[in-house]
Number of protein chains: 2
Amino acid sequence: MTALQELREFIEKGYLTHRPHVTVDCAIFGYHDGELKLLLVKNKVFTKWCLPGGFVRNDEGLDQAAARLTAERTGIENLFLKQFKTFGDPLRNDNNTFDPEKFFELTGLRIGENSWLAGKNVTVGFYAISDIIQAMPRPDFLSSECRWFSVDNLPELGFDHEEMVGEALTTMRIHLYHFPIGKNLLPEKFTLKEIKLFYEVMSGKTLHASNFPSKLISLGLIVKTDEKRSIGAHRAPLYYTFDEAVYESALKEGLVLV
Amino acid sequence: MTALQELREFIEKGYLTHRPHVTVDCAIFGYHDGELKLLLVKNKVFTKWCLPGGFVRNDEGLDQAAARLTAERTGIENLFLKQFKTFGDPLRNDNNTFDPEKFFELTGLRIGENSWLAGKNVTVGFYAISDIIQAMPRPDFLSSECRWFSVDNLPELGFDHEEMVGEALTTMRIHLYHFPIGKNLLPEKFTLKEIKLFYEVMSGKTLHASNFPSKLISLGLIVKTDEKRSIGAHRAPLYYTFDEAVYESALKEGLVLV
DNA sequence: ATTTATTTACTAAAATTTAGTAAATATAAA
DNA sequence: TTTATATTTACTAAATTTTAGTAAATAAAT
């Protein structure tokens with residue numbers, strides 16, 4: 001079956017396999033070298049950049065749908081996604097994001113008002129924190145471009161995705177103080193200065209150079225290694241690493257990071 | 001149009017006005033005299049007690065739907081409802097909650113597998129905190145019984161509503177420490193002992209008899225009045241009341257209650 | 001050997017939390 | 001009228017945590 005045939009099938013019969021009016025969208029935050037970024041996709045038939053997402057199948061849960069769609073739209077697998085809020089305002093789609101002429105031009109199809117794709121959608125928002133890696137959509141007919149944007153400098157977003165990003169960021173920053181993050185985002189071994197910078201970027205706040213790291217140490221979340229990094233004409237900082245057991249239990253039990 | 005006709009219309013044509021596969025459910029917690037309760041409904045065609053809820057219309061937002069359905073199912077209007085989580089496991093409805101024979105007996109209808117009502121639902125969970133008032137469903141054909149249950153002694157619940165109640169309670173108890181509650185639940189004027197008991201019941205924890213109230217006072221959230229209550233052969237406690245301005249700003253800005 | 005930039009340990013002060021005791025006082029009993 | 005009692009609530013001291021800043025350590029360049 002060609003990509004176009006697959007698409008026609010989905011547009012005409014998708015309601016047999018998917019839940020009409022139910023989508024998920026994912027705000028994937030990325031950290032690299034002191035910058036906080038967001039992964040966006042640009043579908044050929046959407047006029048604006050959007051969060052990656054799509055329709056939920058009948059036979060999958062929301063978490064599964066979020067993981068599947070993220071992989072399809074961005075090529076990134078095995079992301080840890082966390083639900084933050086569901087959006088269902090009846091006007092949320094009326095933002096001139098979908099371009100029906102472009103859609104017709106590319107597919108020869110029109111989406112009538114009786115199509116299962118028409119009408120008001122509810123979307124379940126998920127967020128994730130990821131290392132900044134190569135993102136690459138899986139090829140399909142309307143295959144989207146995707147890349148990272150600095151959260152301080154986002155393009156105009158489609159649908160109600162600007163509101164969604166705001167809510168995702170707020171939720172993520174609250175969770176930041178209750179659950180450990182950083183594994184897989186920081187290198188295996190890192191200096192105290194690096195983890196402090198990481199938390200500063202994620203939280204958007206300034207932290208104390210020694211008090212914040214020593215809080216992490218006193219919680220047992222990070223521990224010294226016996227390696228140092230050489231960084232030129234300065235005292236060589238020690239490498240630290242996450243304590244696996246404490247980290248895992250903090251993920252379950254939560255913690256308080258002021 | 002009779003109630004039965006209305007019901008038939010909904011079952012056959014409801015997809016024209018409602019979003020298939022999208023429902024909301026509301027966990028309404030109530031406080032009265034030191035007890036935490038939950039409002040449940042018992043629909044004639046459901047075998048178990050459930051959270052009040054139902055399908056979302058095309059022309060309404062999720063918040064509106066939650067408010068409308070709560071009013072329809074329980075008779076309670078103007079509740080402040082807060083979204084906590086959305087549930088979409090494909091097996092969440094397979095709990096023998098719906099009784100198709102009873103449904104046929106009452107309506108003469110069967111819901112075929114092609115009905116817009118069949119298939120997997122996603123439900124958006126809302127919670128609310130309410131004073132315990134008279135609850136009374138609006139009369140309709142499958143009109144449900146509804147009443148308060150102590151959260152320590154709930155009946156078996158339909159669908160995945162037991163999981164939902166657990167999540168609602170957890171979320172509510174986290175919010176308890178970040179947002180003020182109590183207005184409209186406590187009387188206009190209350191003693192320090194009463195508000196301490198209120199927070200103990202809501203949080204499920206024991207609080208210090210003087211430290212907890214003095215925290216509330218030092219935050220400015222509650223203030224002394226010059227009235228006392230007479231309670232027999234003991235020192236008469238002073239009445240306190242919420243400071244309107246501080247309460248409202250804390251609702252917006254949040255606060256930290258230990 | 002000295003200088004320099006940076007990491008990180010340490011300390012003192014401030015603030016908050018915790019636990020417990022004492023004071024206040026309305027009514028009942030003597 | 002005085003004393004006893006139960007309960008509310010103010011107060012205090014100790015413990016803990018947070019905050020801010022300084023000092024010590026040190027790798028490498030000069």
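These numbers were taken from a predicted model, which means no experiment stands behind them. FYI, side chains are in, hydrogens and waters are out, and symmetry mates aren't considered; it's all heavy atoms of this structure. All chains are named by letter (A, B, ...) in the order of the sequence lines, taking the proteins before the strands, and each is independently numbered beginning at 1.
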Inter-axis angle, terminal five-pair segments of the helix from dA1(C)-dT30(D) to dA30(C)-dT1(D) [nearest 10°]: 30°
Partner residues of E227(A) under the side chain to side chain donor-acceptor pair (under 3.5 Å) criterion, sequence neighbours left out: K189(A)
Euclidean distance, atom CD of residue E227(A) to atom P of dA27(D) [Å, nearest integer]: 15 Å
R229(B)/E194(B) ion pair, N-O < 4.0 Å: yes
Partner set under salt bridge (charged side-chain N to carboxylate O under 4.0 Å, His left out) for D160(B), not counting sequence neighbours: R92(B)
With Y240(B) via ring-ring contact (aromatic ring centres under 6.0 Å, His included) - residues at least two apart: none
Side chain to side chain contact (heavy atoms under 4.5 Å, CB included) partners of K228(A), counting only residues at least two apart: A236(A), L238(A)
Counterpart residues, side chain to side chain contact (heavy atoms under 4.5 Å, CB included), relative to A71(B) (two or more places apart): E77(B), R138(B)
Spacing between R229(B) atom CZ and dT27(C) atom P, to the nearest angstrom: 13 Å
Test ring-ring contact (aromatic ring centres under 6.0 Å, His included) applied to F190(B) - qualifying residues, sequence neighbours left out: F242(B)
Those residues that, when tested against E145(A), pass side chain to side chain donor-acceptor pair (under 3.5 Å) (two or more places apart): none
Under 4.0 Å protein heavy-atom contact, by nucleotide of nucleotides 5-15 of chain C - B base, S sugar-phosphate only: BBBSBB-----
Nucleic acid contacts of residues 194-201 of chain B, taken as heavy-atom distances under 4.0 Å to DNA chain D: none
Extract all donor-acceptor atom pairs below 3.5 Å that involve side chains of residues 78-88 of chain A and protein atoms in other chains or at least two apart in sequence.
unit_1	atom_1	unit_2	atom_2	d
Q83(A)	OE1	T86(B)	N	2.7
Q83(A)	NE2	T86(B)	O	2.9
T86(A)	OG1	T86(B)	OG1	2.5

Distance in angstrom units between L216(B) CG and dT17(C) C1', rounded: 15 Å
Expected list for residues 147-157 of chain A: side-chain donor-acceptor pairs under 3.5 angstrom, two or more places apart:
unit_1	atom_1	unit_2	atom_2	d
W148(A)	NE1	I133(A)	O	3.2
S150(A)	OG	D152(A)	N	3.3

